[in-house]
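Heads up, the thing below is written out as structure tokens.
Quick note: numbers below take in every heavy atom, side chains included, and nothing from hydrogens, waters or symmetry partners. All residue numbers refer to positions in the sequence shown, counting from 1. Keep in mind the model is a prediction, meaning the values are calculated, not measured.
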Amino acid sequence: MSSQIANTVAERLQRARERAGYGAADQVAAAFGWPDYATDESGERTLTPVRAKLYAHAFHVDLEWLLSGEGESASGQDSAVGTTSESATPTDELAERIGRLTDAQRAALLEFLRALQEN
């Protein structure tokens with residue numbers, strides 16, 4: 001079972017990304033507008049609490065699991081992929097709404113989120 005448990009935050013972040021259906025870190029960067037995402041996933045940069053919470057929500061994983069490895073990896077589910085509308089979480093709804101934003105709205109949201117990261 002130890003092969004199923006990621007040992008570092010970076011490994012858990014990679015696992016969360018893969019389980020959320022993203023093939024590579026650059027896909028996440030493009031989808032969410034996070035140009036520095038790969039540095040968090042590779043462990044080159046210490047993950048801040050704000051970014052950790054953002055990633056946990058985006059990938060539908062438990063924040064505690066992402067940061068410490070304790071708790072459930074996917075908010076009590078074995079996989080975050082393949083959720084149905086009946087089991088949709090508020091995070092699913094948020095992701096769907098973000099996906100419908102115009103380029104201008106997405107740019108404004110990204111500016112806001114970057115400002116949060118700096119604090």
Side-chain angles (χ1 to χ4, degrees):
M1 181 169 260
S2 63
S3 65
Q4 294 178 352
I5 299 173
N7 294 323
T8 68
V9 172
E11 289 170 336
R12 287 187 297 274
L13 188 56
Q14 179 183 356
R15 183 174 176 206
R17 171 192 42 86
E18 291 169 349
R19 291 176 66 187
Y22 294 95
D26 63 340
Q27 288 180 327
V28 171
F32 291 99
W34 298 332
D36 297 329
Y37 170 79
T39 59
D40 287 326
E41 185 177 301
S42 68
E44 295 175 41
R45 175 170 77 170
T46 302
L47 191 59
T48 66
V50 170
R51 288 194 316 269
K53 190 171 186 179
L54 189 65
Y55 298 154
H57 283 284
F59 297 143
H60 308 279
V61 297
D62 183 74
L63 179 60
E64 181 181 345
W65 173 81
L66 182 60
L67 293 173
S68 70
E70 299 291 321
E72 298 290 329
S73 63
S75 300
Q77 299 175 358
D78 186 53
S79 174
V81 179
T83 57
T84 65
S85 59
E86 291 178 334
S87 65
T89 65
T91 307
D92 295 328
E93 183 180 341
L94 179 60
E96 182 180 325
R97 287 182 181 194
I98 290 172
R100 292 191 309 246
L101 294 176
T102 66
D103 288 342
Q105 290 170 325
R106 188 170 288 132
L109 178 59
L110 289 173
E111 184 177 327
F112 171 75
L113 293 172
R114 286 186 182 121
L116 285 177
Q117 278 184 308
E118 293 173 4
N119 294 328

Closest heavy-atom pair and its distance - Ser42, Ala10: C-CB, 4.1 Å

Minimal non-hydrogen separation, Pro35 against Ala29, with atom names: CA-CB, 4.4 Å

Single-linkage hydrophobic cluster [X]~[Y], side-chain heavy atoms < 4.5 angstrom:
X	Y	result
Val50	Leu110	no
Tyr37	Leu54	yes
Leu63	Trp65	yes

Between CG on residue Leu13 and CZ on residue Arg51, distance to nearest 0.5 Å: 10.0 Å

Nearest-0.5 Å distance, NZ of residue Lys53 to CG of residue Leu66: 13.0 Å

Within-4.5 Å side-chain heavy-atom neighbours: Trp34 and Asp40: no

Validation row: Tyr55, Val61 side chains within 4.5 angstrom (heavy atoms): no

Distance-only donor-acceptor check, side chains Ser68 and Glu70, under 3.5 Å: no

Exam field: side chain Glu18 to backbone Arg15, donor-acceptor pair closer than 3.5 Å: no

Flag, side chain of Arg17 to backbone of Phe59, donor-acceptor distance under 3.5 Å: no

Residues forming a salt bridge (Lys or Arg N to Asp or Glu O under 4.0 Å) with Asp36, sequence neighbours excluded: Arg45

Greater than 12 external heavy atoms within 6.0 Å of Glu111's CD: no

